[in-house]
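Order of the sequence lines fixes the chain letters, A, B, ..., with proteins taken first and strands second; residue numbering starts at 1 for each chain.
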Number of protein chains: 2
Amino acid sequence: MSGFDPETLKGVAAECPGFQARATARAVTRYYNACFKPLGLTAEQFSLLVGIGAVEGTTLVDLANSAGVDPTTLSRNLQNLEGQLLVHSKGGRGRLGKQIGLTISGRKLVVDALPLWNLAKAELSNRLGKEKLRSASKLMAELAEAAKTSRI
Amino acid sequence: MSGFDPETLKGVAAECPGFQARATARAVTRYYNACFKPLGLTAEQFSLLVGIGAVEGTTLVDLANSAGVDPTTLSRNLQNLEGQLLVHSKGGRGRLGKQIGLTISGRKLVVDALPLWNLAKAELSNRLGKEKLRSASKLMAELAEAAKTSRI
DNA sequence: CTCCTAATAATGCATATACACTATTATCCG
DNA sequence: CGGATAATAGTGTATATGCATTATTAGGAG
């Protein structure tokens, strides 16, 4: 038991950036999931569709990098979206990569989702304050970058 | 296609707090996962063990609330930790709830993990800056709270 | 032109996440 | 005391996540 102290652990829970980042992502994702639910879309699926629609002819690797998600995770998430006919792809294994794009249905769904996304963001902004929301986003981006370049 | 515009979508991706929160959680969690890997522990498991060890006789519901995680998620994550004999529990279904605590092995593992956690946090702090790391944690906590109380 | 290599995608496995639902039980009220 | 109720735990199902590994292929070296 040497070194075990509940008081110390209370401090650890309170100051762990990893814990806080996950807790925040869970809370915010739950909120957006609920917002997109009428469209049968999850928050992550919305983000992927937006990422795909934003860059004509993007590839799996490019999208994985810009979303900060593992390519193997993205591979499966894309399979799901392709199964729903929201995304089309060309190519696959091999050095040229897999080019992906939105289908007509995918574009339509994104267009339908945008108003919900705007409402959701506006409500968050009201609760937290516009400036704080902006700061939070900026700091989260910097924290993510720091984590990507950190090793011990 | 009316309303579909890639330029608009670039803006959406850049200003979505949900996307940013998830990307950050992924990056930070990957980092901590790598740090705890020598102990066969994930970042989330570490957080749970800390949360359990911090409060004597805590319950599943209490822990779920303090971690901001769904009770059904926690139920399964605890099953995993119990299977590894890191956590013991008493009670179950019913109004008294399930009391959980760390086993001797669980306490030992937390004690062993604390130095790694400190190193990992120190490295993040060096990269991002102590003040920014603190601000990020605080703002993420406020954002999570805002998301929990938001509805559209 | 052929072989090698490096970049890429996909799969196996495990954990994490949550909603909808079911099962259990202490407590409260009559 | 006995049934209703509310709080709690667990299960079914689905998505999300990533590491280790395998499969594929374009491009370069010879």
* Asked: Does any donor-acceptor pair link the side chain of B/Ser75 with the base of D/dG10 at a separation under 3.5 Å?
  -> no
* B/Lys37 side chain N/O closer than 4.0 Å to the phosphate oxygens (OP1, OP2) of D/dC19? -> no
* Asked: Is there a donor-acceptor contact under 3.5 Å from the side chain of B/Thr24 to the main chain of A/Met140?
  -> yes
* Is a donor-acceptor contact shorter than 3.5 angstrom present between the side chain of A/Arg95 and the base of C/dA7? -> no
* To do: Check every strand shown and say whether A/Asn80 touches a base, only sugar-phosphate, or nothing at a heavy-atom separation below 4.0 Å.
  => sugar-phosphate
* Do A/Arg22 side-chain atoms and B/Thr29 backbone N/O form a donor-acceptor pair below 3.5 Å? -> no
* **A/Thr149 backbone acceptor or donor facing B/Arg127 side chain under 3.5 Å** => yes
* Asked: At how many degrees, to 10°, do the end axes of the helix from C/dC1-D/dG30 to C/dG30-D/dC1 meet when each uses five pairs?
  -> 10°
* Asked: Roughly how far apart are B/Arg30 CZ and B/Thr42 OG1, rounded to 0.5 Å?
  -> 14.5 Å
* Base, sugar-phosphate, or nothing: which does B/Thr73 touch, judged by heavy atoms less than 4.0 Å apart? -> base
* Position toward the 5' end of DNA chain D (nearest nucleotide), B/Gly94 or B/Asn33 -> B/Gly94
* Under 4.0 Å: is that the gap between some side-chain N or O of A/Thr42 and OP1 or OP2 of D/dA16? -> yes
